Amino acid sequence: MATRKIGLQDVEETRNPRRLRLLAPLRYLSIQAPEKGRYDVTIPAFACVALWVGYNILDPRPSLFGAEGILITAQSFLIMAVPFLIGALASVAMGSPGAHLDRRAVGAGIYLEGRSISLRQFVCHLLGYLSFLGLVAFLVITVANFGRPTAINLLAAYPIACEVLAQAFAGAMFFLLSAFATTVFWALYFLTDVVNHHD
């Protein structure tokens with residue numbers, strides 16, 4: 001059976017040429033599947049609020065930065081997780097065609113832009129989104145670690161602004177990490193149960 005070679009023309013002639021290609025992993029958020037919205041937004045938002053409230057209730061408040069801070073722990077985990085996710089994405093995307101992984105989902109189905117997609121396509125989008133979230137979180141943490149002294153110096157005369165910025169940053173990080181953790185658990189469920197469902 002002959003296979004078609006993929007060339008630059010295939011890259012240039014996309015269905016949505018105006019979309020920023022480096023943000024392609026975010027297409028995962030456009031996928032419609034049963035219960036998916038709960039894991040994309042609702043649970044991460046709830047977890048973010050719970051973490052933010054817990055962070056502010058604790059006395060003394062845990063440090064975000066520093067050798068024993070929350071962010072250094074998250075960064076250490078991301079250093080391990082992101083390469084694994086990218087490797088898993090490559091493995092699934094480049095794997096040999098098969099009747100099981102390339103079939104459509106059983107039941108309500110999974111749709112992207114009005115078209116039903118296969119389990120392999122969904123898993124690729126899922127792993128791509130996880131890799132993207134992990135990379136963004138890692139970069140934000142790295143930039144924040146290096147930029148914190150400068151921000152403190154610039155806002156030294158404005159303690160209220162400094163506290164508002166710190167709270168906003170903590171909330172943003174809690175949401176990003178909550179979205180990443182929730183999607184990891186969703187991926188574990190999907191890959192262990194849904195993909196292996198043979199009905």
Side-chain angles (χ1 to χ4, degrees), residues 20 22-31 35-93 122-156 159-193:
L20 294 175
L22 295 182
L23 299 180
L26 294 179
R27 290 182 69 199
Y28 168 79
L29 296 173
S30 300
I31 294 177
E35 299 182 4
K36 181 175 168 291
R38 182 185 308 171
Y39 303 106
D40 289 347
V41 179
T42 308
I43 294 177
F46 179 80
C48 171
V49 171
L51 287 171
W52 185 80
V53 169
Y55 168 73
N56 284 287
I57 286 177
L58 291 176
D59 187 23
R61 183 187 298 173
S63 174
L64 280 178
F65 297 93
E68 297 181 359
I70 297 171
L71 295 184
I72 196 68
T73 304
Q75 189 177 43
S76 299
F77 173 75
L78 293 170
I79 288 172
M80 176 189 67
V82 172
F84 172 79
L85 290 168
I86 294 173
L89 172 59
S91 177
V92 173
F122 180 77
V123 171
C124 285
H125 283 292
L126 177 59
L127 293 173
Y129 177 66
L130 273 173
S131 300
F132 182 86
L133 279 182
L135 281 170
V136 168
F138 177 80
L139 291 174
V140 169
I141 291 170
T142 303
V143 170
N145 279 327
F146 285 111
R148 180 173 176 257
T150 302
I152 289 174
N153 290 335
L154 290 175
L155 297 173
I160 295 177
C162 191
E163 178 63 19
V164 168
L165 183 62
Q167 289 289 344
F169 176 76
M173 284 309 306
F174 287 145
F175 182 79
L176 194 55
L177 295 173
S178 296
F180 182 82
T182 303
T183 309
V184 166
F185 282 110
W186 166 243
L188 289 173
Y189 158 72
F190 192 88
L191 292 171
T192 55
D193 188 58

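No hydrogens, no waters, no symmetry mates; every other heavy atom, side chains included, goes into these values. Since this is a predicted model, take the numbers as computed values, not measurements.
Both the sub-6.0 Å distance and the 45° axial angle are satisfied by K36 relative to the ring of Y28.
The two residues L130 and A187 have their closest heavy-atom pair at CD1-CB, 4.0 Å. For the residue pair G128 and L89, the shortest heavy atom distance occurs at CA-CD2, 3.9 Å. Counting all heavy atoms, side chain and backbone alike, I72 lies closest to G66 at CG2-O, 3.5 Å. The nearest pair of heavy atoms linking L177 to A74 is CD1-CB, 4.0 Å. When all heavy atoms of S178 and C48 are compared, the pair lying nearest together is OG-N, 3.5 Å. Here the closest non-hydrogen pair linking P25 and L22 is CD-O, 3.7 Å.
Summarising the geometry, atom CG belonging to L71 is positioned 10.5 Å from atom OG belonging to S76; distances are rounded to the nearest 0.5 Å. Here the OG1 atom belonging to T73 is positioned 11.0 Å from the CG atom belonging to L78, to the nearest 0.5 angstrom. To the nearest 0.5 Å, atoms OG1 (T182) and CZ (R38) are separated by 12.0 Å.
Residue pairs meeting the ring-ring contact (aromatic ring centres under 6.0 Å, His included) criterion with at least one member in residues 58-85, sequence neighbours excluded, are F65-F169.
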For this session: Report the C-alpha separation of L64 and M173 in whole Å, then their side-chain angles, then the decisive distance to 0.1 Å, and conclude whether the side-chain contact (heavy atoms from CB on, under 4.5 Å) test is met.
Result: CA-CA 10 Å; L64 280 178; M173 284 309 306; 5.9 Å; no
Exercise. Between F180 and L85, does a side-chain contact (heavy atoms from CB on, under 4.5 Å) hold up when you go through it step by step?
Worked result: CA-CA 12 Å; F180 182 82; L85 290 168; 3.9 Å; yes
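Listed by chain and residue number, nothing satisfies the side chain to side chain donor-acceptor pair (under 3.5 Å) test with T42 (two or more places apart in sequence, or in another chain).
Ring-plane geometry between Y39 and W186 is classed as parallel, the angle between the planes falling under 30 degrees on a 0 to 90 degree scale with a further cut at 60.
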Per-pair distances, 0.1 Å, donor-acceptor, side chain in residues 132-153, under 3.5 Å, sequence neighbours excluded:
unit_1, atom_1, unit_2, atom_2, d
T142, OG1, Q75, NE2, 2.9
T142, OG1, F138, O, 2.8
N145, ND2, I141, O, 3.2
N153, ND2, P149, O, 3.3

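For L58, the CG atom is densely surrounded, since the number of other residues' heavy atoms within 6.0 Å is greater than 12.
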